[in-house]
2 protein chains.
Amino acid sequence: MPGYDKRPPGYDKYAFEPFAVTVDLAVFTIRDGALRVLLVERGQSPYAGQRALPGGFVLPDESAETAAARELAEETGLSDVTGLHLEQLRTYSDPDRDPRMRVVSVAFAALVPDPPEVRGGGDAARADWLPYGTGAYGPLAFDHDRILADAHDRIGSGIENTCLATAFCPPEFTLGELRGVYEAVWGAGLDPANFRRKVLATPGFVKPVHGAARLTGGRGKPAALYKAGPATALHPPLLRPTAEGRPS
Amino acid sequence: MPGYDKRPPGYDKYAFEPFAVTVDLAVFTIRDGALRVLLVERGQSPYAGQRALPGGFVLPDESAETAAARELAEETGLSDVTGLHLEQLRTYSDPDRDPRMRVVSVAFAALVPDPPEVRGGGDAARADWLPYGTGAYGPLAFDHDRILADAHDRIGSGIENTCLATAFCPPEFTLGELRGVYEAVWGAGLDPANFRRKVLATPGFVKPVHGAARLTGGRGKPAALYKAGPATALHPPLLRPTAEGRPS
DNA sequence: CCAAAAGTGTTTTGCATACACCCATGA
DNA sequence: TCATGGGTGTATGCAAAACACTTTTGG
């Protein structure tokens with residue numbers, strides 16, 4: 001920080017009202033073909049009784065990424081968070097975003113494959129996987145409505161250009177399930193035939209699991225199983241059907 | 001912040017070593033057809049004598065965006081920063097990124113049209129527009145090499161999907177100049193004919209300025225002038241020539 | 001006249017869409 | 001046997017790439 005040297009005269013590190021640094025998590029999953037987000041219910045004022053994104057303080061020896069992974073493990077009860085997709089979204093720093101004190105929050109978006117039992121080991125308040133964007137929850141606390149909308153935007157464009165859709169799936173999945181991820185996030189139907197071609201034509205997106213087939217639960221031909229491939233970027237992108245794209 | 005309520009026992013807001021919150025700016029421009037970045041030279045330890053990104057503290061009543069705009073104005077000497085492209089990149093929060101104390105930095109990428117005289121009104125140390133990625137500067141201080149690389153990545157993919165390339169141009173520009181922006185940022189040549197068609201086919205990207213023509217300085221037919229249009233997103237994207245895209 | 005850049009036209013080719021069709025399973 | 005979802009094949013249309021060609025300036 002060059003500006004570091006431009007401190008106000010007489011500056012010392014306890015002179016200012018301190019900034020608290022927190023992380024907020026927008027954790028998504030797919031259940032019953034619908035996109036859901038993990039929300040907690042606030043017990044205290046302000047915004048008591050309203051829903052909010054899970055999150056917490058960044059501890060003195062943690063990076064924001066480490067803190068986010070820790071909170072994710074605590075809130076979801078997942079013991080092994082490695083391999084899950086956890087991505088920094090942006091930082092929200094409006095001076096008035098928390099009425100109590102100055103809080104700068106680094107927001108993250110996370111994708112988990114299957115809703116494991118919620119509130120595994122944490123001290124979290126009541127947390128639930130609620131359907132995204134259906135009015136199943138009222139306005140969120142603080143600026144969390146905005147954060148959640150930004151996170152959904154990011155996920156939506158993320159699965160367009162990267163292989164991150166597999167992060168919603170269990171270790172082995174069918175192409176129908178993968179297609180379900182896109183349809184749930186985008187809220188639009190895709191042509192199964194073209195989707196299949198597109199995915200298989202992208203090297204490293206998915207790898208076939210030989211000799212295995214899964215009954216999708218209902219009728220229909222059993223589908224072949226795939227697992228996530230080594231690729232991370234998607235070229236060319238898998239474009240949304242009718243909608244227009246999003247700015248950076 | 002729900003985790004806000006999960007404070008350690010006995011927490012009060014002065015109990016922790018405070019976090020300092022700063023902004024770092026990667027300010028790009030095009031000069032002589034080459035991409036340049038604004039760098040200051042550090043006077044004090046640590047990293048004395050090395051180059052660094054301009055930046056500074058977020059003041060108690062500022063958001064990170066406000067602080068970034070203020071710093072940009074101070075460092076570039078531009079009095080009117082409105083209209084310039086200033087975009088939050090991400091936040092760097094490694095506990096050891098600054099040896100002196102705990103500093104969390106929100107990084108921004110900025111695009112300015114023409115290199116105005118540098119160090120206009122600020123108290124900045126020596127600052128120069130140096131060619132990006134040519135070894136014109138050694139390793140940067142702190143983690144600024146990484147920040148700068150991330151910023152270049154963001155700009156490179158940003159001009160692919162958005163109209164932000166016009167932010168590098170003066171109010172009125174020729175299509176050749178706009179093409180020069182893409183070639184400088186991507187480091188690759190583009191077909192003038194196809195570039196022209198692509199830009200003009202995108203509604204709202206540029207608007208013609210009637211009755212005006214600019215001599216490009218050298219020989220050749222005078223080019224028509226255009227100004228930035230109202231569009232912000234680019235659909236379909238203007239893809240890089242040979243390279244592959246970038247992950248989110 | 002020549003070089004260089006603007007601007008127009010044309011051909012080719014790849015790719016996405018749309019849709020028809022067969023396969024395998026549960027009810 | 002019928003409905004349902006997996007999987008394959010194929011025609012059509014659009015848009016990007018490649019390149020030839022004209023125009024208008026400075027040297």
Side-chain angles (χ1 to χ4, degrees), chain A residues 32-33 159-161 169 172-184 186 188-203 205-226 234-245, chain B residues 32-33 159-161 169 172-184 186 188-203 205-226 234-245:
Chain A
D32 306 326
I159 61 175
E160 213 167 357
N161 317 8
C169 296
E172 299 190 342
F173 51 88
T174 69
L175 293 184
E177 288 169 344
L178 186 62
R179 180 165 44 84
V181 170
Y182 281 86
E183 293 176 335
W186 288 344
L190 296 178
D191 185 310
N194 296 330
F195 178 82
R196 172 189 190 77
R197 252 188 299 270
K198 182 83 183 170
V199 169
L200 295 182
T202 303
F205 192 177
V206 296
K207 291 189 301 185
V209 177
H210 297 295
R214 173 182 295 171
L215 297 330
T216 329
R219 12 189 187 300
K221 182 176 173 178
L225 286 177
Y226 294 84
L234 218 45
H235 286 284
L238 215 155
L239 294 163
R240 281 178 180 77
T242 57
E244 66 309 301
Chain B
D32 307 325
I159 61 176
E160 213 168 356
N161 317 342
C169 296
E172 299 190 342
F173 52 87
T174 68
L175 293 185
E177 289 168 344
L178 186 62
R179 180 165 45 85
V181 169
Y182 281 87
E183 293 175 334
W186 288 344
L190 296 177
D191 183 309
N194 294 331
F195 179 83
R196 172 189 191 78
R197 253 189 297 272
K198 181 85 182 167
V199 169
L200 295 181
T202 303
F205 192 178
V206 297
K207 290 189 302 185
V209 177
H210 298 294
R214 173 182 295 173
L215 298 329
T216 329
R219 14 190 186 301
K221 182 174 174 177
L225 286 177
Y226 294 85
L234 217 45
H235 285 281
L238 215 156
L239 295 163
R240 283 181 179 74
T242 57
E244 67 307 303

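Reminder, nothing fancy here: chain letters follow the sequence lines and each chain counts from 1. Below, all heavy atoms of this structure are taken into account, side chains as well, without hydrogens, waters or symmetry copies.
The ring-ring contact (aromatic ring centres under 6.0 Å, His included) check on B:F195 picks up B:Y182, with sequence neighbours excluded. Partners of B:A193 by side-chain contact (heavy atoms from CB on, under 4.5 Å), not counting sequence neighbours, listed by chain and number: B:D191, B:R197. Under the rule for a salt bridge (Lys or Arg N to Asp or Glu O under 4.0 Å), A:R196 has no partner lying at least two apart in sequence or in another chain. Every residue two or more places apart in sequence or in another chain that forms a side-chain contact (heavy atoms from CB on, under 4.5 Å) with A:P208 is listed here: A:H210, A:Y226.
The nearest whole Å value for the distance from the CG atom in B:L190 to the P atom in C:dA5 is 15 Å. When the P atom of C:dA16 is taken as reference, atom CZ of A:F195 falls 13 Å away, rounded to whole Å. Atom NZ of A:K198 is separated from atom P of C:dT17 by 8 Å (rounded to the nearest Å). Summarising the geometry, the separation between CD on B:E177 and C1' on C:dA5 is reported as 13 Å, rounded to the nearest angstrom. Nucleotide C:dG7 holds its P atom 6 Å from the CG atom of B:L175, rounded to whole Å.
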For nucleotides 9-14 of chain C, read 5' to 3', which letter fits each nucleotide if B means a protein heavy atom sits under 4.0 Å from the base, S means only the sugar-phosphate is that close, and - means neither?
BB----

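Heavy-atom minimum distance, A:A184 versus A:G33: CB-O, 3.5 Å. The minimum heavy-atom distance between B:L234 and B:E160, with the atom names listed, is CD2-O, 3.8 Å. For the pair B:E172 and B:V209, the tightest heavy-atom approach, listed with the atom from each and the gap, is OE2-CG1, 3.5 Å.
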Assess the residue pair A:F205 and A:K198 against the criterion (side chain to side chain contact (heavy atoms under 4.5 Å, CB included)); give the C-alpha distance rounded to whole Å, side-chain angles, the decisive distance to 0.1 Å, and a yes or no.
CA-CA 10 Å; A:F205 192 177; A:K198 182 83 183 170; over 6 Å; no

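Residue A:P192 is out of contact with every strand shown, counting any heavy-atom pair closer than 4.0 Å.
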Sort me out a list of protein N/O and nucleotides 22-24 of chain D N/O pairs below 3.5 Å, or just none if empty.
from, atom 1, to, atom 2, distance (Å)
D:dT24, O2, B:K221, N, 3.2

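Contact between the side-chain N/O atoms of A:R179 and the OP1/OP2 oxygens of D:dG5 is not found at any separation under 4.0 Å. Residue A:R196 places at least one side-chain N or O under 4.0 Å from the OP1 or OP2 atom of D:dT8.
For B:A224, counting side-chain heavy atoms from C-beta on, the closest listed nucleotide (C:dA16, C:dA6, C:dG7) is C:dG7. With distances taken from any side-chain atom of A:A223 to the nucleotides D:dA16, D:dG7, D:dC19, the minimum falls on D:dG7.
Of the inter-residue distances, the one linking B:K207 atom NZ with B:L200 atom CG reads 14.5 Å to the nearest 0.5 angstrom.
If A:D191 and A:P236 are placed on DNA chain C by their nearest nucleotide, the residue sitting closer to the 5' end is A:P236.
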